[in-house]
Amino acid sequence: MYLSKEDEGILKGKSGIGTQKALELLAAIGDAYDARRMVPITRAHAAASGQEGDLYFAELLANGGARCRVPTSTNPVYDIGYFHRMFSNIPKDEASVAQKVVEAYRRLGAILSWSCVPYLNENIPLYGEVVSFSESSATPYVNSVIGAHTNREAAQSALAAGVIGKTPEYGLLLEENRKATHLFEVEATLSDEFDYSLLGYYVGKIVAYGIPVLTGIDRRPSTEEFINFCAMSNTSGAVSMFYMPEYTMEASSMDEAFHGDVPKERAVVTDVELKEVREELQTTAGEIDFVQLGCPHYTLKQVAEVAGLLDGKRIHDGVAFWVCTSATAKLLADRIGYSSQIEKAGGHLVADTCIDEPCWIAYKQKVGMTDSPKCAYYRRFKEVVVGRLEDCVNAAVKGRWG
Ligand code: F3S
């Protein structure tokens, strides 16, 4: 891969060892994918979590004096002080890793957003920008809904790109690789974001690394519906980009999406397939111990819906009720009063964290209910019930589902 004189100097350590390590990683990726050159990026999102691999790389760069050259946002970790007040059994070694990840990203000069939907508030690409975004919903959302260009980055490659301000040009950064592969004719009823979650999960399993086109969708999906489709298709599969002609930014027709070619595979999606996805993810029914919402992080609109659904109700004794959101949405929810409405009913609205963090160890042997197939897939608890938001709220009030 061609490197500029400045980059050659960085590789020789002239800008410090942290920056050198970041470029070494990007150069190796570029060589592996036969990239011809590096291209500038305008922003990055590093989907690190509070785990040891993330810590190793972030500290390697931070201890070597690296700083982010372009705005680089961060994925959820957890608010250590808050969770240690709530639960006494979070392992000290895991908490210490999370604390050190937070410190390393602070030293790297990252945007400490701790959000998995940074493209809504803290780090928003525009159409046509070249960026390096990791995280399940972020990569396909940025490519398809916004029309920026990113590869499906890892936390480490996105952080390295944020430090260097460049990324190797390969994959989805090249027009010819943005060609659709699969066609889905959607006949299923899509009434809310839960249906889009199931659709995404189903599509991702079939497509794997391909680029699907979805037709038959009779109205523009909402922001939340797009977010959930993106997160789930990039969890059950590795969908980095998709087309819904008329609703996504590139390709106004099927022919354009397939670059004039024909689909490799076609499928029709009906309510039956979506029902099967839900049944496959759900492991139990009956009594529940807790409800977990906000995977991906709930938007302010979703937080408002939870507050509205809980109005005048009380969560059942013995059921915990958690809603995860971004710090930005939480701040507004506090101001507007949604947080206190949720708390009044016995629930918690919490920022900066993720269902896949060690702070939830108290629920390891419990039965949880969620509206998120991704949460069910990464299940950090014993059994799971999957239902739409209203089902989750009703079950939390009754203490059981079904
Ligand atoms: Fe976000 Fe964590 Fe779910 S990063 S999408 S809350 S697994």
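Both counts, for ligands and for their atoms, begin at 1 and track the order of listing.
Only protein atoms were considered; those of element N, O or S under 2.8 Å from atom 2 (Fe) of ligand 1 number 1.
Annotation for Glu287: atom CD does not count as buried by contact number, only 12 or fewer foreign heavy atoms lying within 6.0 Å.
Under the side-chain hydrogen bond (donor to acceptor under 3.5 Å, both in side chains) test applied with His45, the options Thr72, Asn75, Asn123 reduce to a single match, Asn75.
Aromatic ring centres of Tyr363 and Phe381: separated by at least 6.0 Å. In this structure, Tyr141 has its ring center no closer than 6.0 Å to that of Phe133. Taking the centre of each ring, Trp360 and Tyr78 stay at or above the 6.0 Å mark.
Checked against salt bridge (charged side-chain N to carboxylate O under 4.0 Å, His left out), Arg178 has the following partners two or more places apart in sequence or in another chain: Glu250.
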